[in-house]
Amino acid sequence: MTGRTLSRRTAAATTAALAMTAALITGAAAAPASAATAAVVCSDLGILSDPQNASSTGTAKTATGTTGTAQVRYGTYGGVRYAWARTTSYEYDSLYIKFEIDTNGDGDANCSHYREATSRTYTTGRQTERGDGVRYRGCLLFDPAHDCDAAATKTGWW
């Protein structure tokens, strides 16, 4: 064996040993699963009973379908950001505007607010939490007991 071959093998072995050591150190330094961010709980999200009092409002999502137009809106009140659903048009007097919140990213609503579209065209607002997996959507439904998946007019999740 020549000196050059021995140095290459030694260098290769040293590099491999360093890579394994780095992998072990990295794995040992990983945060435990319990250190992950806790899920958002609906009751922890503040309520804005009348979103018309909000400032700096905007529209995050809009959907128009056979039953009308639904939107997810947002705005600030008292320095806190809120979101809610509203309709700008509806085709039937028996419709409800519904606002759903998915707090864990599984695509199912964990809490919601609804209102008859003929009584008020927007729902109660909820404090926004843009944490991992927290999403909002709005829809128009004939039966507020159903979720927005059953709606002919629904926004995508925001």
Side-chain angles (χ1 to χ4, degrees), residues 19-158:
M20 286 191 319
T21 302
L24 288 172
I25 290 171
T26 304
S34 62
T37 304
V40 174
V41 179
C42 293
S43 61
D44 290 344
L45 300 175
I47 293 176
L48 179 60
S49 59
D50 190 354
Q52 284 191 326
N53 294 323
S55 62
S56 303
T57 59
T59 302
K61 291 281 187 175
T62 300
T64 301
T66 57
T67 56
T69 300
Q71 295 180 327
V72 173
R73 303 269 298 161
Y74 60 87
T76 304
Y77 180 77
V80 178
R81 188 167 164 172
Y82 293 88
W84 60 91
R86 86 167 178 183
T87 180
T88 56
S89 67
Y90 53 92
E91 300 299 320
Y92 306 94
D93 288 342
S94 56
L95 283 172
Y96 291 82
I97 180 71
K98 188 168 188 176
F99 179 57
E100 293 184 334
I101 304 167
D102 171 11
T103 61
N104 57 16
D106 66 359
D108 293 324
N110 301 101
C111 47
S112 64
H113 295 276
Y114 64 88
R115 185 123 2 215
E116 270 187 292
T118 56
S119 69
R120 188 169 98 173
T121 58
Y122 53 93
T123 66
T124 297
R126 279 293 192 140
Q127 182 179 353
T128 58
E129 173 66 47
R130 298 304 295 172
D132 290 341
V134 181
R135 304 179 300 169
Y136 312 87
R137 71 177 172 183
C139 65
L140 288 168
L141 288 164
F142 288 104
D143 182 353
H146 292 114
D147 63 24
C148 286
D149 288 335
T153 303
K154 62 181 170 265
T155 69
W157 288 105
W158 173 65

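In this text, all values refer to a predicted model and were calculated from it rather than measured experimentally.
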request  = Decide yes or no for Tyr90 and Thr118: does some side-chain heavy atom of the first lie under 4.5 Å from some side-chain heavy atom of the second?
outcome  =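 Touching, per the 4.5 Å side-chain cut-off.
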task = Kindly indicate, with the supporting measurements, whether the criterion side-chain contact (heavy atoms from CB on, under 4.5 Å) is fulfilled by Thr59 and Val72.
result = CA-CA 6 Å; Thr59 302; Val72 173; over 6 Å; no
inquiry  = Does Asp143 form a salt bridge (charged side-chain N to carboxylate O under 4.0 Å, His left out) with Lys98? I'd like the steps, not just the answer.
reply    = CA-CA 10 Å; Asp143 182 353; Lys98 188 168 188 176; over 6 Å; no
Nearest 0.5 Å, please: how far is [atom2] in [Y] from [atom1] in [X]?
X: Asn53; Y: Leu48; atom1: CG; atom2: CG; result: 6.5 Å
X: Leu140; Y: Ser89; atom1: CG; atom2: OG; result: 8.0 Å
X: Thr88; Y: Gln71; atom1: OG1; atom2: CD; result: 5.0 Å
X: His146; Y: Cys139; atom1: NE2; atom2: SG; result: 11.5 Å
X: His113; Y: Ile97; atom1: NE2; atom2: CD1; result: 13.0 Å
X: Thr103; Y: Asp108; atom1: OG1; atom2: CG; result: 10.0 Å

task = Taking the six-membered ring for Trp and the full ring for Phe, Tyr or His, determine whether the centres of Trp84 and Phe99 are under 6.0 Å apart.
result =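 No: the rings miss the under 6.0 Å criterion.
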Return the minimal non-hydrogen interatomic distance between [X] and [Y], and the atom names on each side.
X: Thr123; Y: Tyr114; value: CG2-CA, 4.2 Å
X: Leu141; Y: Ala151; value: CD2-CB, 3.5 Å
X: Thr67; Y: Ala152; value: CG2-CB, 4.1 Å
X: Leu95; Y: Glu91; value: CD1-N, 4.1 Å
X: Tyr82; Y: Gly46; value: CE2-O, 3.7 Å
X: Arg115; Y: Thr124; value: NH2-OG1, 3.9 Å

Keeping [X] on the side-chain end and [Y] on the backbone end, is there a donor-acceptor pair under 3.5 Å?
X: Asp102; Y: Gly107; answer: yes
X: Thr87; Y: Thr69; answer: yes
X: Arg126; Y: Leu45; answer: yes

task = For atom CG of Asp93, decide whether the heavy atoms of other residues, nucleotides or ligands shown that lie under 6.0 angstrom number more than 12.
result =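 Counting neighbours around CG of Asp93, 12 or fewer heavy atoms of other residues, nucleotides or ligands fall under 6.0 Å, so no.
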message = Check this for me: Tyr122, atom OH, are more than 12 non-hydrogen atoms of other residues, nucleotides or ligands nearer than 6.0 Å?
response =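 Atom OH in Tyr122 is crowded, with more than 12 foreign heavy atoms closer than 6.0 Å.
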ask   = If you measure only the distance, is there a donor-acceptor pair under 3.5 Å linking the side chains of Thr76 and Ser56?
value =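 No, no side-chain donor-acceptor pair sits under 3.5 Å.
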query = Hey, mind stepping through Tyr74 and Trp158 against side-chain contact (heavy atoms from CB on, under 4.5 Å) and telling me if it holds?
reply = CA-CA 11 Å; Tyr74 60 87; Trp158 173 65; 4.1 Å; yes
message = Quick one, Trp157 with Lys61, criterion side-chain contact (heavy atoms from CB on, under 4.5 Å). Give me CA distance, side-chain angles, the key distance, then yes/no.
response = CA-CA 8 Å; Trp157 288 105; Lys61 291 281 187 175; over 6 Å; no
message = Show, in sequence, the C-alpha distance, side-chain angles and deciding distance for Asp149 and Arg137, and conclude whether the side-chain contact (heavy atoms from CB on, under 4.5 Å) test is met.
response = CA-CA 10 Å; Asp149 288 335; Arg137 71 177 172 183; 3.0 Å; yes
